[in-house]
Every structure is written in C-alpha cells, then in structure tokens.
Amino acid sequence: MNLTELTIIQAHEGLKKKQFSALELCQAYLDKIKGKDKEVHAFLTVNESVALSQAKKIDDFISAGREIPILAGIPAAIKDNILVENVKCTAGSKILENYIAPYNATVIEKLKEQEAVILGKTNLDEFAMGSSTENSAFGSTHNPYDLSRVPGGSSGGSAAAVGSEMTLYALGSDTGGSIRLPASFCGVVGLKPTYGAVSRYGLIAFASSLDQIGPITKTVEDAKIVFEAISGKDKMDSTSVEIPKIQNTKYPAPEQVRYGAGKIQNLRIGVPKEYFVKGIAPEVEKVIKEAIKKYEKAGVKIEEVSLPHTAYALPAYYIINPSEASANLARYDGIKYGHSAKGKDLMEVYLKSREEGFGAEVRRRIMLGTYALSSGYYEAYYLRAQKVRTKVIEDFEKVFKKVDVLLTPTSPFLPFKIGERIKDPLAMYLVDVYTVSVNLAGLPALSLPAGFVGKLPVGLQIIGKPFEENRILEVGEIFEKL
Ligand code: GLN
C-alpha cells in the first residue's frame, strides 16, 4: 500500500484496522518531503520530531483500544499565515522571519482537539498578497506538474504540498482566490468557505472583510471532512457564526445526498456568460465547457445566467483589498512584532523596520490603500468600490433565485511560467478575475480538478449561496463520479 496516496477516510480506516501505524503514515510523508521538497519548495518549516511524537501518541491511543476522531493521526500542512503555538509564523515576510506564534489559531485548536498531526508550515506570497507564490520573501514554490511553472497563490505551498503528496491535506486562506487558484493550478480540491463559517482568530490579517481559512485536499469528501472540523462559531471572532443545522450532515451517507442517485434532475446549475468572454485561454474554456456538458448529460438542468457587474469586481477588489491591508499592516512597526531595525529615534525605527521588512508588493498595497482611504480620494475610490461591491452582491442574489449553484472556470489561464507575470502587477491581478467576486460577496466556492491541457491541470469553480457549503460539495462529488 502506498501510504501517501490515501484519502482521509482510507487513512482513518487503515489506522483503526492497524494496517499501518500513525508513525508509519507520518514517516511516509516526511520521507516524501525529504525527497521532493528540494525541487517543489512547498514548506517553510517542517517539524519532524513534533509530528512523529504526535503520531506516536495516536498509536498509543489505538493500542489502548480508544476510539479516534476522523482526523487523528492524519498528516496536515498549514499555510504559514496561520498561527501554530511555539512554531515560527512568517507570513512569507522578512518582517516576521523570526516570529514565533504565541498561541494557536482557532482552526489549529480544532485540529488539535482531533489529534491531527501537523507536519509543518507552507510557503505563501508575502502576507498572502499574490497569485503565484513568487512574492514570498523565501523564494517561489514550484508547480508539481511542471517545475518551471507557478503553483498559483497565495496558498501555493499548501496546494503544491497536497498536489505532490507531501501531505494528506492542508489549510490555506482565501482573500481573493488564494485557496481556489492554487488548488486549480496544482490539480487538487480547494474550498473557500462562506465568510464567517470559519473563525479567523489566529490568521494573520490581510483584508479582514474578505479573508477566510479553508481546506486544500485530494478529494471533495476530504474537503468536507476538514471543513466540518474547522468551521463553527468562535467567541474569539465576532464575525464567525454557527452554520445552520441542516448543513451539519456529517459527511452524509449516499442516500442522504440530496442530489444523489435519481435526483440529479432537481439540480439547477447556472453558467454566468460574463465568465466566458475574451481573455480566457481557449484551451481552458474547452475543458470547462466539457465539464459542464458532463453534468448536462447526467440530466442536470444548465441555464445561462448573467452577473452584469462582473467586469467591475476586479477593480473594486483591488481598491478594497489594499485599503484594508494598509490598515491591517500598520501594526508592523518594528516594535510590536518581528524585525526591528536600529534607528536614532522611534520614527527611524518605524520607517527602517518597514522598509527592510516589507517586499515590493506589500509596499504597493500599503501605498494604494493609504491613497484610496485618504481624505479627498476616499469618496472617489473606497466608497465607490464599496458601492460596486453591493452591486456584485445583488447580482448573485438575483441569480441564486433561479439556480442552486454556478459553474465557472477557477482561472482564465493555465499555470504560467515562473517570472512570466511578476514584473507586471496588473497582469498578475488579472489572474484573479474569476475568484474575487466570491470574496466580495462572502460566498462559498469550491475548485476541483476538471481535466488537463497537456500535463497541466484545469480547475472548475462551483459557487454556492451563503452557508451552502454542503451543496457545492455535493455538486463537486457528483462531478468526481461523472
Ligand atoms: N491574488 C489575490 C491578491 O493578491 C488574492 C490573494 C488571496 O486570496 N490571499 O489579493
């Protein structure tokens, strides 16, 4: 049995039946990391001894005949902007290069309650700003399908780690596509939950009205298991909510799957026409259109719908996002956290610490955001963008009266070459054109492998109504079986 090929359920069953030990499972992944990560560079930190001793603990539980939770002993990798107590948390930035997390993020607490094994922390664009992982201060991650190409971003390390079987699953964060885009580029599944479904406590803040943590996995079922483990109201995050009961079906048995056998005809899928316009790579469009046809052949009703404000979502996002980022990043002053430069007075310490600590993209966002929020420009930029945001939300509300879910490409492009877009920020921002609307509207969305162009994977995006994670997961599971 190849231990790094298993899904969560398979690994869980194998552990319970003592087909292999948690220690063996953990070691198999650590060996894979040793062999592969030199070329992929998905990890920033690997905690071999902590992971192995945690695995040993699970083996003791199992030998003692104790019931183990579904994620017990299952190896995970965590994006390096999510705090794991006593472990370095860099956010991909020089300014936090030596920062040790003083507490666990709520999602980590929840994984630890289930006795998960944390292998290490994964690479990302600095402060999650980017679409390729090239903005990391610690070097780019490489796409496991073609090492000369990007893995997508900003959770590129997490997606590449899952895509090359260096972990069974990973956590990422998604502010404008950072779970879905790398999932698409690395041929894996990524779920961006509804805003508020997962606590943000202990996630290094980027743009607080957009950020969400979510799973990156091999299968849709695995995404469901991890999502159920990490979601729910948290008193440490006032924007988090309990998901309505109907959602908590605990990975439903096939007969409970609402659109399962025989009922697929009840499902109404919308395809927004604005997502298939000039600019999309024809080979990507072809794979996505074929995926949609597969649903149709299975008896699903497909309807063309319109989200008329789609074209304005990207520019609005790139005002709102830097505005919030500029406020959130004010805390890195060389005193409170991380890198502290020497200076003759406090002001010089502030200025030099930020100058030495922040990379180009981070500075760009701080400048853009500060500008958009400044008096005299606020109305023309930030306020305007917020109005567009409302329009984008209304577009979705309207179409979701007619259809249950939307199908779109996750990215208009195939994974591109390292270096191809990094010099041109606008070309990089364009990669996010299909993902940012979902964050502006706070909706859940899934990216799952739809097919290949040559050896490069293409992701299909399934967008749902707020708190209907289970529905998009069901629709994703249907696709896996088509
Ligand atoms: N690429 C987008 C940006 O740079 C999204 C990033 C993210 O989701 N963290 O803002």
Side-chain angles (χ1 to χ4, degrees), residues 78-82 90-93 122-136 140-141 150-159 170-186 190-193 195 198 200 203-216 313-329 358-369 372 385 389 410-413 415-416 421-422 424-447 459 461:
I78 308 295
K79 186 177 183 179
D80 207 21
N81 60 351
I82 299 171
T90 67
S93 180
T122 55
N123 199 13
L124 68 159
D125 287 296
E126 186 173 2
F127 287 102
M129 299 176 184
S131 310
S132 67
T133 321
E134 290 166 289
N135 290 331
S136 168
S140 180
T141 297
V150 303
S154 64
S155 315
S158 284
L171 293 186
S173 67
D174 192 312
T175 303
S178 278
I179 288 175
R180 291 160 286 155
L181 182 76
S184 159
F185 279 15
C186 293
L191 172 68
K192 182 258 171 213
Y195 187 76
V198 177
R200 289 179 293 113
L203 167 68
I204 292 181
F206 172 11
S208 305
S209 78
L210 305 160
D211 299 340
Q212 269 292 287
I213 296 172
I216 297 178
L314 194 70
Y317 171 88
Y318 274 102
I319 295 293
I320 292 168
N321 169 299
S323 299
E324 293 188 20
S326 71
N328 273 327
L329 268 61
F358 288 146
E361 183 60 27
V362 176
R363 292 187 210 187
R364 187 176 297 123
R365 303 257 177 145
I366 293 172
M367 285 191 285
L368 280 171
R389 185 175 191 170
T410 305
S411 160
F413 313 119
F416 43 91
R421 288 173 185 265
I422 193 71
D424 180 354
L426 286 182
M428 190 66 87
Y429 297 168
L430 214 60
V431 181
D432 308 328
V433 67
Y434 295 151
T435 50
V436 295
S437 298
V438 161
N439 301 73
L440 289 173
L443 303 175
L446 181 73
S447 177
Q461 178 170 239

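Numbering of ligands and ligand atoms starts at 1, following listing order.
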Exercise. Identify the closest protein heavy atom to atom 3 (C) of ligand 1: which residue and atom is it, and at what distance?
Worked result: Tyr318 OH, 3.2 Å
Seminar exercise, completed: Sorted by chain and residue number, the side-chain contact (heavy atoms from CB on, under 4.5 Å) partners of Thr175 (sequence neighbours excluded) come out as Phe206, Ala207, Leu210, Asp211, Tyr317, Asn321
Problem set entry | Atom pair OG1/CZ of Thr141 and Phe185 - distance to nearest 0.5 Å | 14.0 Å
For this session: Going by heavy-atom distance to atom 4 (O) of ligand 1, choose the closest among Lys79, Arg365, Lys192, Glu361.
Result: Arg365
For this session: Using a strict 4.0 Å cut-off to heavy atoms of Asn321, name the atoms of ligand 1 that fall inside it.
Result: 10 (O)
Exercise. Where do Ser155 and Lys79 come nearest, in terms of heavy atoms and distance?
Worked result: OG-NZ, 2.9 Å
Exercise. Near Ala128, which atoms of ligand 1 are under 4.0 Å from a heavy atom of that residue?
Worked result: 6 (C), 7 (C), 9 (N)
Problem set entry | Option of least heavy-atom distance to atom 2 (C) of ligand 1 (set: Asp432, Ile179, Leu210) | Asp432
Exercise. Taking N or O atoms only and a 3.5 Å limit, does Met129 qualify as a polar contact for ligand 1?
Worked result: no
Problem set entry | Minimal non-hydrogen separation, Ser93 against Phe358, with atom names | OG-CD2, 4.4 Å
Problem set entry | Stepwise side chain to side chain contact (heavy atoms under 4.5 Å, CB included) check, Lys192 with Leu446 | CA-CA 6 Å; Lys192 182 258 171 213; Leu446 181 73; over 6 Å; no
For this session: Cation-pi check, Arg421 to Phe416: give yes when NZ or CZ is under 6.0 Å from the six-membered ring centre and within 45° of the ring axis, no otherwise.
Result: yes
For this session: Rounded to the nearest 0.5 Å, what's the gap from OG on Ser154 to CG on Leu124? Could you check?
Result: 6.0 Å
Seminar exercise, completed: among protein heavy atoms, the one nearest atom 5 (C) of ligand 1 is Tyr317 OH, 3.3 Å
Exercise. Looking at Ser154, which atoms of ligand 1 are within less than 4.0 Å of one of its heavy atoms?
Worked result: 9 (N)
Exercise. Considering only heavy atoms of Gly176, which atoms of ligand 1 have at least one such atom less than 4.0 Å away?
Worked result: 5 (C), 7 (C), 8 (O)
Problem set entry | Region of Thr175 that comes within reach of ligand 1 [heavy atoms, distance under 4.0 Å] | both
Problem set entry | Nearest-neighbour protein heavy atom for atom 7 (C) of ligand 1, which is reported as residue plus atom name and distance | Ser178 OG, 2.4 Å
Seminar exercise, completed: Residue set satisfying salt bridge (Lys or Arg N to Asp or Glu O under 4.0 Å) with Asp80, at least two apart, ordered chain then number -> Lys121
